[in-house]
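Below is one structure, written out as structure tokens, with a few remarks after it.
Please read all numbers here as calculations on a predicted model, not as lab measurements. First listed ligand is number 1; within each ligand, the first listed atom is number 1.
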Amino acid sequence: MNMSEPTQFINAALRGEMSHDVPMSRHTSWRAGGMAQRMYRPADLADLQNFLQHIAEEEPLIAVGLGSNLLVRDGGFTGTVLLMHGALSELRLDGDTIYAQAGVPGAKLARFAAANKFCGAEFFVGIPGTLGGMLAMNAGCYGGETWQKVDRVQVLTRRGELRVRTPQEYEVGYRHVALKSKSEEFFVGAWLKFETGDVGAARKNIKALMDKRIASQPLQLPNAGSVFRNPAGNHAAKLIESCNLKGMRVGGAQVSEKHANFIVNIADATAEDIEKLIEEVKAKVMQKTGIDLHTEVKIIGEHRNHE
Ligand SMILES: Cc1cc2nc3c(=O)[nH]c(=O)nc-3n(C[C@H](O)[C@H](O)[C@H](O)COP(=O)(O)OP(=O)(O)OC[C@H]3O[C@@H](n4cnc5c(N)ncnc54)[C@H](O)[C@@H]3O)c2cc1C
């Protein structure tokens, strides 16, 4: 570890990589946003545990996977980003379950499950995030949701204690997951359960789901998937479209012409452009329909100081 680090980071036993002032545009699918003051990419689970055991209690921490549901404001994140993607990547069979670590991407998990004759993991292929992000968001699509498949999860507490938890210890809903007890924790892995079945059918299903995505989503432009949660009994995309907001712009951010619940970065959008557009869409939908949209994407960090 580099001796110019603040004292809380000096720990010769750490094997991961610490970086400073990292543009989060490189680590978020919107390709926009401010810097992370520090970013730690652990070498493996034991290294992350060691890191957490030595980090100062007051240091703000956030886990980031593939940043496919995340906007970091232009003033940046003051604290340390724990980068899971490319770090916690173990993926293996464990009895009748699949054990995957938090950094494993959805597509890899779906293909591994199909190759091992499991069915019902296909939907993961369409979610361009990591297992950690999918657990945090209860990500899902086409009738499948992450937590339907969870047998148990593995977490690290803020102080670096490794624990195994059952789904009953969480409040789980539509794009919502909260630990019932009060504890700051990060998902580091999970044991997932699937039905066994026909590999050929699962593979075909993966291909069909990918084709459907390509046809309906603006995947050629940087985006973060659905910006707003669907209100009960309604669809955010339909509401936005009914207000004629497709194509609406703020700076380099635009409501996608292809899918109204996507905001695309068409010309070097700032996080501020994106956030302002989110606010404008929300206000217009409220004005016209009386429905209050809530964001699915997570927004963190500080606003840029305009002098
Ligand atoms: C083109 C596109 C299509 C999408 N389609 C879908 C879809 O069909 N269904 C759907 O549900 N989502 C969809 N998404 C959104 C996104 O992929 C999911 O929310 C995904 O679960 C985010 O994973 P991530 O690793 O990128 O998380 P990040 O964006 O990195 O983080 C998201 C949140 O999870 C937290 N988090 C991340 N890792 C951990 C961890 N290890 N422990 C604790 N908290 C953690 C972060 O702190 C943050 O609050 C889509 C996104 C895109 C860009």
Side-chain angles (χ1 to χ4, degrees), residues 24 26-33 36 39 41-42 45 48 52 60-72 77 79-89 100-110 122-148 153-158 165 170 173-179 183-190 209-210 212-230 236-237 256 258-259 261-265 295-301:
M24 286 304 289
R26 284 194 211 142
H27 295 277
T28 55
S29 59
W30 252 322
R31 299 281 172 255
M39 175 178 280
R41 190 198 293 264
L45 180 54
L48 178 59
L52 290 172
L61 298 177
I62 184 167
V64 171
L66 275 157
S68 62
N69 204 42
L70 189 65
L71 184 65
V72 181
F77 174 73
T80 303
V81 165
L82 303 173
L83 195 66
M84 303 294 195
H85 179 238
L88 301 188
S89 39
Q101 285 189 338
V104 172
K108 196 166 177 192
L109 179 58
E122 299 90 285
F123 74 93
F124 285 119
V125 83
I127 305 173
T130 59
L131 178 60
M134 295 192 289
L135 288 168
M137 298 300 304
N138 191 20
C141 54
Y142 304 126
E145 268 187 353
T146 305
W147 279 79
Q148 293 165 346
V153 291
Q154 189 180 33
V155 298
L156 271 175
T157 66
R158 180 74 173 64
R165 292 195 181 277
Y170 295 84
Y174 163 63
R175 306 292 174 270
H176 168 80
V177 179
L179 184 63
S183 167
E184 192 188 347
E185 299 183 351
F186 308 100
F187 294 110
V188 292
L209 293 181
M210 282 317 286
K212 203 164 164 183
R213 296 235 141 201
I214 291 164
S216 62
Q217 298 182 351
L219 300 182
Q220 70 289 359
L221 290 166
N223 69 81
S226 295
V227 171
F228 297 100
R229 300 152 54 92
N230 287 323
S256 165
K258 198 166 177 181
H259 191 309
N261 198 16
F262 278 49
I263 286 181
V264 287
N265 178 353
T295 48
E296 178 176 321
V297 290
K298 302 285 182 193
I299 303 177
I300 63 160

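Close N/O approach between Arg175 and ligand 1 is found [any backbone or side-chain N/O within under 3.5 Å]. Between Gly140 and ligand 1, an N or O atom pair is found at a separation short of 3.5 Å. The distance criterion of under 3.5 Å between nitrogen or oxygen atoms is not met by Val64 with respect to ligand 1. Where the criterion is an N or O separation shorter than 3.5 Å, residue side chain and backbone included, Ile62 fails it with respect to ligand 1. Note: an N/O pair closer than 3.5 Å links Leu66 and ligand 1 by distance alone.
No heavy atom of His85 sits closer than 4.0 Å to any atom of ligand 1. Taking 4.0 Å as the cut-off, Arg213 counts as a neighbour of ligand 1 on heavy-atom distance.
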Working for side chain to side chain contact (heavy atoms under 4.5 Å, CB included), residues Val64 and Leu82: CA-CA 6 Å; Val64 171; Leu82 303 173; over 6 Å; no

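Distance alone, capped at 3.5 Å, is enough to place a donor-acceptor pair between the Trp147 side chain and the Leu135 backbone. Judged by distance alone, the side chain of Arg41 and the main-chain N or O of His85 form a donor-acceptor pair under 3.5 Å.
By the criterion of a heavy-atom distance under 4.0 Å, the backbone of Ala224, and not its side chain, is placed next to ligand 1. Under 4.0 angstrom from ligand 1, the non-hydrogen atoms of Met137 all belong to its side chain. Counting heavy atoms closer than 4.0 Å to ligand 1, residue Ser68 contributes atoms from both its backbone and its side chain. Residue-level proximity to ligand 1 for Asn223 is carried by backbone and side chain together, each with a heavy atom below 4.0 angstrom. When heavy-atom distances to ligand 1 are checked against a 4.0 Å cut-off, Asn69 comes that close through both its backbone and its side chain.
What sits closest to atom 28 (P) of ligand 1 on the protein, heavy atoms only, is Gly67 N, 3.6 Å. Atom 47 (O) of ligand 1 has Ala63 O, 2.7 Å as its closest protein atom, hydrogens excluded (heavy atom only). Of the protein's non-hydrogen atoms, Phe187 N, 3.0 Å is the one closest to atom 42 (N) of ligand 1. From the protein, the heavy atom lying nearest to atom 18 (C) of ligand 1 is Ile127 CG2, 3.8 Å. Closest to atom 49 (O) of ligand 1, if we only count protein heavy atoms, is Lys298 CG, 3.4 Å. The protein non-hydrogen atom at the shortest distance from atom 12 (N) of ligand 1 is Glu296 OE2, 3.9 Å. Protein heavy atom at the shortest distance from atom 2 (C) of ligand 1 is Pro128 CG, 3.5 Å. Protein heavy atom nearest atom 35 (C) of ligand 1, with residue, atom name and distance: Ala136 CB, 3.7 Å.
No more than 12 heavy-atom neighbours from other residues, nucleotides or ligands sit within 6.0 angstrom of NZ on Lys108.
Between Asn265 and Asn223 the shortest side-chain heavy-atom distance does not fall below 4.5 Å. Arg175 is listed as a side-chain neighbour of Glu145, based on a closest heavy-atom distance under 4.5 Å. Side-chain contact check for Val188 versus Gln101: every heavy-atom pair is 4.5 Å or farther apart. In this structure, the side chains of His259 and Pro218 come closer than 4.5 Å at one or more pairs of heavy atoms. Between His27 and Leu83, some side-chain heavy-atom pair lies under the 4.5 Å cut-off.
Protein heavy atoms come within 4.0 Å of atom 9 (N) of ligand 1.
Under a 4.0 Å N-O distance rule, the pair Arg229/Glu296 does not qualify as a salt bridge.
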